[in-house]
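Remember, it's 1-based here, ligands and their atoms both numbered in the order they're listed. Atoms considered below: every heavy atom in the structure, side chains included; atoms not considered: hydrogens, waters and symmetry mates.
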Amino acid sequence: MAPHHRPTHDPQLRNDMPNQTVAVLGLGAMGSAIAARLRDTGHDTAVWNRTAAKTAPHAEAGSRAAATVAEAAASSDVVLVVLLDHGSVREHLEPVAAELKDKVVVNLTTTTPNEARSTAAWAAEHGLTYLDGAIMATPDMIGTPVSRLLYSGERAAFDAAHEVLATLGAADYEGEDAGLASLKDMALLTSMYQLFSGFIQAAAMMRTVGVPAVATAGEVSGWLGAILPHLDQFAAVIDSRDYSGGQSADFTRAAIGSLITASREQGVGADFLEPLLSRLDELSATGRGGADWTAVNEQLAIR
Ligand code: NAP
């Protein structure tokens with residue numbers, strides 16, 4: 001790989017290392033934010049998008065609009081892929097494997113861990129330098145101190161592209177298994193959506209007595225802020241697999257049962273809570289009602 005020297009216009013960002021040239025494949029909300037951030041940090045960028053019209057504002061702002069993926073990759077050291085999903089990534093990378101040799105290909109598209117591993121295996125078969133990434137940020141966060149991106153796969157690929165990756169946000173390398181970044185991304189999003197769905201049910205409950213969701217949001221934020229430090233205690237129990245202490249499954253069954261009843265009394269379904277009660281019922285039915293309720297984590301294993 002031969003980095004092309006493109007001096008930045010921002011003296012704050014100048015250093016002795018030449019900036020790498022970057023191709024951004026995909027100019028949706030996220031790809032556009034990434035391309036803009038790379039331009040702002042003095043990177044020479046080539047952009048490609050399936051719907052070519054979306055390259056126009058980027059060309060006006062200083063990127064080179066490429067008509068094809070191969071054209072975008074040709075002038076670039078690092079190829080960032082920011083498409084919709086696994087299918088679109090494979091559709092557009094497979095025909096140009098030869099053109100991606102000697103580049104660092106970083107796939108920032110959200111995929112599952114096994115999809116990431118599959119693309120990494122495909123890349124290895126073709127002798128490509130490949131890294132999988134997961135973006136723990138929204139487009140407006142890219143390049144700000146709260147932006148974080150996870151990477152996994154070849155360490156050499158991470159190191160080679162680090163200068164570019166560091167401009168997007170904190171760049172955390174998770175390990176050689178290409179699925180690791182995606183797995184952590186999916187685990188964090190799993191906890192996020194279940195937390196948000198809890199808020200949505202709370203808002204529906206409070207709306208039955210005329211309380212606006214915005215007021216419930218403030219209450220939920222305050223309550224969760226107070227209670228979240230308990231995660232560390234739960235984690236210690238789960239890691240030890242010693243469920244002999246703590247809040248019992250039977251106590252928690254009663255608590256969750258009351259929440260479900262209260263919700264229904266207000267005419268609001270408790271669909272998000274019912275699976276948890278079922279798992280607690282299972283613990284009790286198998287003689288483990290006295291165990292710490294976090295023992296439900298053991299029942300999530302698909303047998
Ligand atoms: P988006 O605004 O919906 O843009 C989707 C992009 O994918 C567009 O460039 C679209 O091209 C392209 N695309 C869709 N299907 C395609 C296909 N079959 N072939 C080629 N290109 C195709 O999505 P986004 O927000 O930019 O998200 C891009 C990726 O970043 C996703 O994997 C998303 O999960 C991930 N991500 C996004 C966020 C976020 O907050 N937005 C946060 C974290 C991760 P056209 O313009 O031609 O339709």
Side-chain angles (χ1 to χ4, degrees), residues 22-39 45-61 63-73 76 78-97 99-100 105-120 122-123 130-153 161 164-172 174 178-193 195-196:
V22 188
V24 179
L25 308 181
L27 295 171
M30 186 54 83
S32 289
I34 287 172
R37 172 65 181 165
L38 290 167
R39 284 193 300 270
T45 52
V47 292
W48 172 85
N49 194 65
R50 177 182 63 176
T51 306
K54 286 192 191 166
T55 60
H58 291 272
E60 275 169 35
S63 292
R64 281 173 293 109
T68 63
V69 171
E71 184 189 328
S76 306
V78 177
V79 178
L80 300 181
V81 187
V82 203
L83 298 177
L84 182 66
D85 58 10
H86 177 70
S88 50
V89 171
R90 297 296 286 269
E91 177 188 339
H92 292 281
L93 293 191
E94 283 179 14
V96 294
E99 285 87 347
L100 295 173
V105 180
V106 184
N107 183 17
L108 298 175
T109 308
T110 304
T111 64
T112 68
N114 276 353
E115 288 170 346
R117 291 174 185 128
S118 154
T119 303
W122 167 81
Y130 178 82
L131 189 67
D132 197 84
I135 307 169
M136 306 308 304
T138 53
D140 54 308
M141 288 160 65
I142 292 297
T144 72
V146 289
S147 173
R148 180 187 185 208
L149 288 84
L150 312 174
Y151 300 97
S152 57
V164 167
L165 306 181
T167 66
L168 306 180
D172 290 341
E174 300 292 322
L180 289 177
S182 163
L183 180 60
K184 186 181 281 189
D185 178 24
M186 300 269 150
L188 294 179
L189 294 182
T190 293
S191 68
M192 181 189 82
Y193 275 110
L195 193 148
F196 286 173

How would you list, by chain and number, every residue that makes a ring pair (Phe, Tyr, Trp, His ring centres under 6.0 Å) with H92, sequence neighbours excluded? W48

Side-chain donor-acceptor pairs of residues 52-59 under 3.5 Å, sequence neighbours excluded:
| from | atom 1 | to | atom 2 | distance (Å) |
| --- | --- | --- | --- | --- |
| T55 | OG1 | A52 | O | 2.7 |
| H58 | ND1 | R39 | NH1 | 3.0 |
| H58 | NE2 | S32 | OG | 3.1 |

Does S152 reach the main-chain N or O of E174 with its side chain, forming a donor-acceptor pair under 3.5 Å? no

Any side-chain donor-acceptor pair under 3.5 Å between S182 and D185? no

From R37 CZ over to T45 OG1, what is the distance, rounded to the nearest 0.5 angstrom? 13.5 Å

I'd like the residue list for ligand 1, meaning every protein residue with a non-hydrogen atom under 4.0 Å from the ligand. G26, L27, G28, A29, M30, G31, N49, R50, T51, K54, V82, L83, L84, S88, E91, H92, T109, T110, I135, A137, T138, P139

Across all chains, not counting sequence neighbours, the side chain to side chain contact (heavy atoms under 4.5 Å, CB included) partners of T144 are M141, V146, S147

